> 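I have a structure here, written as structure tokens, and I will follow up with some questions on it.
As the structure is a prediction and not an experimental result, all values here were calculated from the model.
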Amino acid sequence: MPAEILRGHPSVDDVIVFRRKDGLTAARRLWRDLKSAPRPDVSLNFNVYLKSVWPVLACRAPRRIGFNRARSFDGVSLAANEHLPPRPWAHTADMFLEFAGQLGIRKFEREWRIEFSREELESQSAFFSRISSKPVATIVPASASIKKDWIPEKWATVADSLASDFGFRVVIAGGPGEREQTMAREIIAHSSAAIEWAMGDSVRRLAWIVGGSDLVLAPDTGPVHIARALGVPVIGIYGHTNPWRVGPWRAYSDLWVDKYTEPGTLPDPSNRTPRWHVMPTIEPEDVIARIAVAVDKYGVTRTKSRAL
């Protein structure tokens, strides 16, 4: 799924997909695809788990840069022949930017450059023109893991408040998975708001829906970072994972619902320990309070131009 975000990026010439779930068949296909591709000068392994070893080795790059043993798992560091200097764990994006320094790049502009085709922009304009002239708040309720998800009934209470207290048109968006679809249906069933159904099977469509929204609400999931990249205020809901490590990078921390960080303690981006059973303790009032901040500080109830 993430490959579709990278396709068409002006700094990416090609995207090769490794379908890890296909097992040995996937490994053979990956090896064949990379063997037929031009041999790169360098590989950058941003990942720290075993799944990343196979493309690193298969690409045949003579210079293979990765994290050292202290910041990786499963022997991943052994696949690299050049390691980043030892440092504490940090926000994931800050760790990625360390590769620039390793390559000798000292000054650079940080640009996201997620771009949409003319057809996508036309679809986006038609979608938002059809659903409402009101500001749009998009809820992306499901993450990759049920442990990071919030409770549908509580999402429904937030949807009601978005519509009745703040005047938003509420959209529910996400992927085609059965768990995602079931959660979305439960939210709609428990809500009195007129929620627009925008669940689908295209991450590109999800991206332009996020980009055209005035506010996005989600747990720890990819669309949070798409919203941040496109400059859309996003309320991230965190209890299982650490927002100071995986939240929107250097943005919207005043909109986070952070139940991961213990009261009275300083945020610690190096803390990777999951906090089991915290997400259900988050209440709708915690999220509604952040909506009020988004309205007061970011003016999200003033509808913006939908063109990206």
> Around atom CZ of Arg60, are there more than 12 heavy atoms from other residues, nucleotides or ligands closer than 6.0 Å?
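Buried by this count: over 12 neighbours within 6.0 Å.
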> Kindly check if the number of other-residue, nucleotide or ligand heavy atoms within 6.0 Å of CZ (Arg250) is above 12?
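Count over threshold, so yes.
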> I'd like to know if Arg130 and Glu196 make a salt bridge, using a cut-off of under 4.0 Å between side-chain N and carboxylate O.
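Salt bridge between Arg130 and Glu196, a charged N being under 4.0 Å from a carboxylate O: yes.
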> Examine the side chains of Ser164 and Asp160 and answer whether a donor and an acceptor come within less than 3.5 Å of each other.
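Note: Ser164 and Asp160 side chains miss the donor-acceptor criterion.
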> Are Ile282 and Val234 connected into the same hydrophobic cluster when the rule is that any two of I, L, V, M, F, W, Y join if their side-chain heavy atoms are below 4.5 Å apart?
yes
> If two hydrophobic side chains count as joined below 4.5 Å and joins carry through other members, does Trp89 share a cluster with Tyr260?
no
> Should we say atom NZ of Lys154 is surrounded by more than 12 heavy atoms from elsewhere, each under 6.0 Å from it?
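More than 12 within 6.0 Å, yes.
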> Taking atom CD1 as the centre, does Ile146 end up with more than 12 heavy-atom neighbours from other residues, nucleotides or ligands that are less than 6.0 angstrom away?
no
> Between Ile105 and Leu44, is there shared hydrophobic-cluster membership here, with clusters defined by ILVMFWY side-chain heavy atoms closer than 4.5 Å?
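In one cluster: yes.
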> Is the number of heavy atoms from other residues, nucleotides or ligands within 6.0 Å of CZ (Arg118) greater than 12?
no
> Please tell me whether Phe46 and Phe96 form a close aromatic pair, meaning their ring centres lie under 6.0 Å apart.
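Yes; Phe96 has its ring centre under 6.0 Å from that of Phe46.
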> With side chain to side chain contact (heavy atoms under 4.5 Å, CB included) as the test, would you mind laying out the steps for Arg245 and Thr92 before giving the verdict?
CA-CA 6 Å; Arg245 187 180 72 85; Thr92 302; 4.0 Å; yes
> Would the number of heavy atoms belonging to other residues, nucleotides or ligands and lying under 6.0 Å from CZ of Arg19 be above 12?
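No, the 6.0 Å shell around CZ holds no more than 12 heavy atoms from other groups.
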> Is there a path from Ile65 to Trp54 through hydrophobic residues (I, L, V, M, F, W, Y) whose side chains come within less than 4.5 Å of each other?
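No.
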